Amino acid sequence: MKKKAKLIIIILVTAVLVCVVATAICLNFHKIYLFCERNGLFCREVTISEVSPQGTRTHSLSELEEMPNVKLDQSLMLVNTQYTLSDSFIPEISEYKSTTVFMNDCMHSAYASLSAAVMERTGKKLYVSSDFRSAEEQEALYLEDPLTATRVGASEHQTGLALDVYVARYAGDSFIKSRAGRFVNSECWKYGFIIRYPSHAEDVTLIRFEPWHIRYVGSPHAEIIYNNHITLEEYVTSLDIGQWYEAKGYFVCRQSLDSQGRLGLPESFESAVISPDNTGYYIVTVKMDSQITE
């Protein structure tokens with residue numbers, strides 16, 4: 001009987017310890033996640049290689065606008081305190097699905113896919129707490145709290161490319177504590193988004209970690225930025241002017257308009273997206289025909 005009683009006690013103590021450990025892990029799961037994120041443990045580096053297209057042809061912006069397989073948008077604009085928006089900047093925004101949420105035209109379908117994935121994977125509806133802001137709205141926020149809000153012209157919200165998102169009961173800093181928040185932080189790159197101010201790069205962005213602030217950049221840029229553990233600042237400035245790069249079936253080139261106001265594209269390609277980068281250049285993203293890149 002004594003042996004039986006000891007066995008029962010051992011079983012009970014073990015069960016209690018398991019419960020305590022499991023509870024501790026659950027309560028601190030977001031801290032474990034952040035440790036892994038800061039150290040790039042979720043990342044799979046994307047190889048970027050210099051490449052020379054077999055032939056290129058230059059086109060004016062007006063000619064590019066008329067090409068059915070070319071899209072001009074604002075997806076790769078770098079906006080921060082160093083590269084601010086000009087007073088003449090006009091965001092290409094529209095209302096998202098009659099929701100009173102306004103976002104840049106280039107990201108509507110991507111956000112729809114991301115929010116659908118959040119619901120499918122976590123059972124939570126993704127909400128937007130802050131979308132496009134006018135210069136007047138941004139100035140008011142800055143005057144109210146200059147330690148949190150950036151000054152006019154330095155906020156991505158003025159482009160409509162950035163959204164502050166949340167799910168029920170988890171907003172702001174607590175967003176990362178939710179399953180949906182961790183999904184967004186680790187998977188949003190698959191839908192063309194990045195966490196603009198990651199925990200591992202506060203010294204680069206000069207903005208503290210904001211797990212709720214997503215920014216659209218499109219493909220393959222979101223995958224490169226996330227999996228190479230860099231920021232938008234580091235990515236844009238790493239592209240040498242005029243040099244073509246190949247990654248994930250895309251050719252990418254950061255270039256300036258030539259003396260005739262023209263940009264160069266490969267002679268043959270499937271589709272292309274061209275965006276100003278807000279530093280004086282354009283980033284040309286070309287999806288190549290699979291037969292060309294093989």
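Keep in mind the model is a prediction, meaning the values are calculated, not measured. Computed over heavy atoms, backbone and side chain alike; hydrogens, waters and symmetry mates excluded.
Across Ala272 and Leu265, no two heavy atoms sit closer than the pair CB-CD2, 3.9 Å.
Side-chain heavy atoms closer than 4.5 Å link hydrophobic residues (I, L, V, M, F, W, Y) into clusters, and following such links, even through other members, never connects Tyr166 to Leu114.
Remark: side-chain polar atoms of Arg151 are not paired, donor with acceptor, to backbone N or O of Glu139 under 3.5 angstrom. Remark: side-chain polar atoms of Asp131 are paired, donor with acceptor, to backbone N or O of Phe102 under 3.5 angstrom. With hydrogens and angles disregarded, no donor-acceptor distance shorter than 3.5 Å links the side chain of Arg179 to the backbone of Thr122. Between the side chain of Gln255 and the main chain of Ile241, no donor-acceptor pair closer than 3.5 Å is present.
Environment of CD in Glu120: sparse, with no more than 12 heavy atoms of neighbouring residues, nucleotides or ligands closer than 6.0 Å. Summarising the local packing, OH of Tyr235 is surrounded by more than 12 heavy atoms from other residues, nucleotides or ligands at distances under 6.0 Å. For Asp203, the CG atom sits in a packed shell: over 12 heavy atoms of surrounding residues, nucleotides or ligands are nearer than 6.0 Å. Environment of NZ in Lys287: crowded, with over 12 heavy atoms of neighbouring residues, nucleotides or ligands closer than 6.0 Å.
Counting only residues at least two apart or on different chains, no side chain to side chain donor-acceptor pair (under 3.5 Å) pair has a member in residues 109-118.
Considering only heavy atoms from C-beta on, Tyr245 comes within 4.5 Å of Leu239 through its side chain. Using a 4.5 Å heavy-atom cutoff, the side chains of Phe175 and Val167 are in contact.
Looking at Glu223 and Lys248, a side-chain N of the basic residue comes within less than 4.0 Å of a carboxylate O on the acidic one, giving a salt bridge.
When each of Thr159, Asp277, Asp105, Asn104 is checked for a side chain to side chain donor-acceptor pair (under 3.5 Å) with Gln74, only Asn104 meets the rule.
Residues Ser75 and His221 have side chains that never bring a donor and an acceptor to within less than 3.5 angstrom of each other. Side-chain contact check for Ser62 and Glu65: no donor-acceptor pair (N or O, by modelled atom type) lies under 3.5 Å.
Relative to the six-membered ring of Tyr127, Lys125 meets both conditions, a distance below 6.0 Å and an angle of at most 45° to the axis.
Here His213 pairs with His157, Tyr197 under the ring-ring contact (aromatic ring centres under 6.0 Å, His included) rule; sequence neighbours left out.
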